Participant: 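Structure in C-alpha coordinates, see below.
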Amino acid sequence: MNATHQYLFDTARAARLGDPPPPAPGTHDLAVLRAARDRRRFARVLAGRPARGGLRTALSRAVLFGAGLFGASRSGPSRTALSRTAPSRTAPAPCRRPAD
(Lines give C-alpha, C1' and ligand atoms only; values in the text may rest on other atoms or scores of the structure.)
Protein backbone atom coordinates (compact mmCIF):
# COMPACT_ATOMS: atom_id res chain seq x y z
CA MET A 1 0.00 0.00 0.00
CA ASN A 2 1.38 3.38 -0.91
CA ALA A 3 0.48 6.89 0.27
CA THR A 4 -2.26 7.30 -2.35
CA HIS A 5 -4.03 4.11 -1.26
CA GLN A 6 -3.87 5.16 2.39
CA TYR A 7 -5.21 8.60 1.47
CA LEU A 8 -8.17 7.01 -0.36
CA PHE A 9 -8.95 4.75 2.63
CA ASP A 10 -8.75 7.71 5.03
CA THR A 11 -10.95 9.85 2.76
CA ALA A 12 -13.61 7.13 2.56
CA ARG A 13 -13.50 6.62 6.34
CA ALA A 14 -13.80 10.38 6.94
CA ALA A 15 -16.77 10.61 4.57
CA ARG A 16 -18.48 7.69 6.29
CA LEU A 17 -17.95 9.21 9.76
CA GLY A 18 -18.76 12.78 8.69
CA ASP A 19 -15.24 14.08 9.46
CA PRO A 20 -13.36 16.51 7.23
CA PRO A 21 -11.16 14.75 4.66
CA PRO A 22 -7.39 14.53 5.34
CA PRO A 23 -4.97 16.62 3.28
CA ALA A 24 -3.75 15.05 0.05
CA PRO A 25 -0.30 13.45 0.05
CA GLY A 26 2.42 15.99 -0.63
CA THR A 27 0.35 18.99 0.43
CA HIS A 28 2.70 20.07 3.22
CA ASP A 29 6.01 18.78 1.82
CA LEU A 30 7.48 22.22 1.12
CA ALA A 31 6.52 23.48 4.56
CA VAL A 32 8.27 20.49 6.16
CA LEU A 33 11.42 21.09 4.09
CA ARG A 34 11.44 24.79 5.01
CA ALA A 35 11.02 23.94 8.70
CA ALA A 36 13.90 21.46 8.54
CA ARG A 37 16.11 24.08 6.84
CA ASP A 38 15.22 26.70 9.45
CA ARG A 39 15.92 24.23 12.26
CA ARG A 40 19.36 23.45 10.79
CA ARG A 41 20.17 27.15 10.43
CA PHE A 42 19.08 27.83 14.01
CA ALA A 43 21.26 24.98 15.30
CA ARG A 44 24.22 26.38 13.37
CA VAL A 45 23.71 29.82 14.91
CA LEU A 46 23.53 28.35 18.40
CA ALA A 47 26.77 26.46 17.75
CA GLY A 48 28.49 29.68 16.69
CA ARG A 49 28.83 28.78 13.01
CA PRO A 50 27.56 30.79 10.05
CA ALA A 51 23.90 30.15 9.35
CA ARG A 52 24.38 29.87 5.58
CA GLY A 53 26.89 28.24 3.29
CA GLY A 54 27.52 25.03 5.21
CA LEU A 55 26.81 22.67 2.32
CA ARG A 56 28.91 24.62 -0.16
CA THR A 57 31.79 24.82 2.33
CA ALA A 58 31.63 21.10 3.04
CA LEU A 59 31.58 20.25 -0.66
CA SER A 60 34.50 22.53 -1.44
CA ARG A 61 36.42 21.07 1.50
CA ALA A 62 35.78 17.56 0.16
CA VAL A 63 37.11 18.57 -3.25
CA LEU A 64 40.13 20.39 -1.80
CA PHE A 65 41.20 17.49 0.39
CA GLY A 66 40.56 14.85 -2.26
CA ALA A 67 37.63 13.12 -0.62
CA GLY A 68 35.58 13.50 -3.79
CA LEU A 69 31.88 12.84 -4.02
CA PHE A 70 31.71 9.48 -5.77
CA GLY A 71 34.71 7.67 -4.40
CA ALA A 72 37.23 9.70 -6.36
CA SER A 73 40.81 9.59 -5.20
CA ARG A 74 43.08 12.50 -4.40
CA SER A 75 43.21 13.51 -8.05
CA GLY A 76 40.93 16.51 -7.49
CA PRO A 77 42.07 20.10 -8.05
CA SER A 78 44.76 21.40 -5.76
CA ARG A 79 44.47 24.45 -3.56
CA THR A 80 46.80 26.44 -5.77
CA ALA A 81 44.72 25.65 -8.86
CA LEU A 82 41.57 26.90 -7.15
CA SER A 83 43.24 30.07 -5.89
CA ARG A 84 44.30 31.10 -9.43
CA THR A 85 40.82 31.38 -10.89
CA ALA A 86 40.05 34.20 -13.28
CA PRO A 87 38.15 37.19 -11.92
CA SER A 88 34.46 37.44 -12.60
CA ARG A 89 33.41 39.08 -15.84
CA THR A 90 30.81 41.13 -14.01
CA ALA A 91 33.24 42.48 -11.43
CA PRO A 92 34.25 46.09 -12.01
CA ALA A 93 37.81 46.72 -13.10
CA PRO A 94 40.07 48.14 -10.39
CA CYS A 95 40.44 51.93 -10.42
CA ARG A 96 43.95 53.11 -11.11
CA ARG A 97 45.07 56.63 -10.50
CA PRO A 98 47.22 58.26 -13.10
CA ALA A 99 50.83 58.72 -12.06
CA ASP A 100 51.58 62.29 -10.98
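Because the structure is predicted, anything quoted here is derived from the model rather than measured.
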Participant: Drop me the distance from His28's NE2 to Leu33's CG, to the nearest 0.5 angstrom.
Facilitator: 13.0 Å

Participant: Quick one: CZ on Arg44 to CZ on Arg49, what's the gap to the nearest 0.5 Å?
Facilitator: 5.0 Å

Participant: Mind checking what makes side chain to side chain donor-acceptor pair (under 3.5 Å) contact with Arg13, not counting sequence neighbours?
Facilitator: Asp10

Participant: May I have all residue pairs that pass salt bridge (charged side-chain N to carboxylate O under 4.0 Å, His left out) and include part of residues 14-39, sequence neighbours excluded?
Facilitator: none

Participant: If you look at every heavy atom in Pro22 and Ala14, which pair is closest and at what distance?
Facilitator: CD-CB, 4.4 Å

Participant: Write down the atom of Tyr7, the atom of Ala24, and the distance for their closest heavy-atom approach.
Facilitator: CE1-CA, 3.6 Å

